[in-house]
Amino acid sequence: MQTTVEETAKHTVKLTIEVPVDEFTKDLDRAYRAIANQVKIPGFRKGKVPKQIIDAQIGRDVVREEFLSSSVPSYFRDAVREEDLAPISDPEIELEQVEDDKPLIFTAVVEIRPRLEITEDMYKGLTVEEPPIDVSDEEIDEWVERLRERFAELESVERPTQDGDFVTVDIHATVHDDEVAEATRTDYLYFVSSGEFGPKLDTELVGKRAGDILRFNDALPERFGEELGGADVTFQVLVKNVKARKLPDADDDFAKTASEFDTLQQLRDDLRERLGEMKEREAKGVVRDRALQALIDTVDVELPDSLVDEETEHRVAHARERAERAGMTLDQVLEAQGWDEARLREDSRDHAVRAIKSDLVLEGIARSEHLEVTPDEIGTEIAVLAQAYGREPKELAKALDRSGQIVTLAGDIIRSKALDILVEHADIGTESSPAEPVEEIDPVDDETPAEEST
């Protein structure tokens, strides 16, 4: 098969594809056989109808349509693969020559993914700063304090309520004197500053004592669902008891209770080691992101709007799916964050542009380094995915192959290998200012303060 490629516009090419007579004839015969197996013509067995009879009674145009729908897309895919093109739209097909005993000739106009030429001098020796991974005593103190808060006990106090206290309350919520059962509670242990019923309850509770009765109106948070979220509700709240958290002393006894260690020093040493490991992993991720961004900043590429639009829509759809899995609508999630869909789309588009540029530069490195993916590498990645999804590797491999996702998986592996090379050849220094602290360390399971009997 012969193919010529002509650029007709920015990111658009015209392929002229010539299919040899023998291949064209073989595939045309296959179309005749497919129709012969579908029709019933008196005097002929199914599948044994001659071509001339099919042309006369069914029509050569029908055969031609069968051939075009089954074989031309395959010719097109072979051509773009041979020319190493990546279409991002459906091709516009025009038949130039469809005659017996002559080659089939057709053209295909298609929008393609940009291709960057990335040379060694562009991706080797980039300067990147790594966040410091030293763990300070202050960071260890902070984690010990968090751990003390997890093992805090509640004790009744006679003073007025403060932020961070727990209060036992009866909450009666109504709309026009009709009770709102979803927001009504009896003997409810409430954490002041949680905002569970809206911000006004927390404000009203501060400074109150046991026996005080509060009356106020407020809008229910969106977490109460589409029907009640945002509804204006009248609250009557009886404060029955005020409890403060009593933190355990940071000593060896606390270490024995809160961890597997016998002394506070052993606990602190363990926290230092684990936090250091987490900061080291985080720093490696930061270096990879910074190295990739440094390379992106050196290239100038105009992206097709259709490519950016598709990636943007994919990200918005993914956000909608996450909201639905959480039992909320996308609008509810956005409102809770102070966003709207317009801002989400703007943010998604920015991320889409960066993601596409990231893929393009990594693909450029992969071509420069002649990177390939082995069957073993694909098998290893499928095994990891199968374990994550609770499926058999062979079953998942077949599903990925049928859907064409094996190609996507191979592309992900190649880009990851290209990023490894980028980082390996980067000039990595140490950042002067400290990075943001790691979000979470979880040395214990219990998170709720224990309540003393009163």
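Quick caveat: nothing in here was measured; it's all calculated off a predicted structure.
For the residue pair E111/S306, the side-chain donor-acceptor check at 3.5 Å is satisfied. With 3.5 Å as the limit, one finds a donor-acceptor pair spanning the side chains of N217 and T234. A donor-acceptor contact closer than 3.5 angstrom links the side chains of T119 and D121. Between the side chains of D297 and Q293, a donor-acceptor pair is found at a separation under 3.5 Å.
Exactly one of E369, E377, E372 qualifies for a salt bridge (charged side-chain N to carboxylate O under 4.0 Å, His left out) with K417. That residue is E377. Each of R415, R288, H425 was evaluated against D420; a single residue qualifies, R288, per the side chain to side chain donor-acceptor pair (under 3.5 Å) test.
A salt bridge links D170 and K240; the closest N-O separation between the charged side-chain nitrogens and carboxylate oxygens is under 4.0 Å. A salt bridge links R274 with D270: the distance from a Lys NZ or Arg NE/NH1/NH2 to an Asp or Glu carboxylate oxygen falls below 4.0 Å. With respect to R81 and D78, a salt bridge is recorded, a charged nitrogen being found less than 4.0 Å from a carboxylate O. Under a 4.0 Å N-O distance rule, the pair K284/E130 does not qualify as a salt bridge. Ion pairing between K14 and E92 fails under the 4.0 Å rule for side-chain N and carboxylate O. Under 4.0 Å is where a charged nitrogen must lie from a carboxylate oxygen, and between R115 and E117 at least one such pair does. Salt bridge D309/R349: present, at least one basic N to carboxylate O contact under 4.0 Å. We find that E341 and R345 are joined by a salt bridge, their nearest charged nitrogen and carboxylate oxygen being less than 4.0 Å apart. Under 4.0 Å is where a charged nitrogen must lie from a carboxylate oxygen, and between K124 and E424 no such pair does.
Here the closest heavy-atom approach between residue E182 and residue F224 is recorded as O-CE2, 3.4 Å. F254 and P248 make their closest contact through CD1-CG, 3.7 Å (heavy atoms, listed as atom of the first residue, atom of the second, distance). Between Y190 and G195 the shortest heavy-atom distance is OH-N, 3.5 Å.
Remark: R113 pairs with E363 by the side chain to side chain donor-acceptor pair (under 3.5 Å) rule, at least two apart or across chains.
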Show your reasoning for whether salt bridge (Lys or Arg N to Asp or Glu O under 4.0 Å) applies to D359 and R354.
CA-CA 9 Å; D359 287 351; R354 185 188 186 278; over 6 Å; no
Passes salt bridge (Lys or Arg N to Asp or Glu O under 4.0 Å), D347 versus R315? Steps please.
CA-CA 10 Å; D347 182 74; R315 290 171 179 269; over 6 Å; no
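Counted within 6.0 Å of CD on E395, heavy atoms from surrounding residues, nucleotides or ligands total more than 12; the atom is thus considered enclosed.
Between the side chain of D27 and the main chain of S71, no donor-acceptor pair closer than 3.5 Å is present.
Residues E346 and W339 fail the side-chain proximity criterion, which asks for heavy atoms closer than 4.5 Å.
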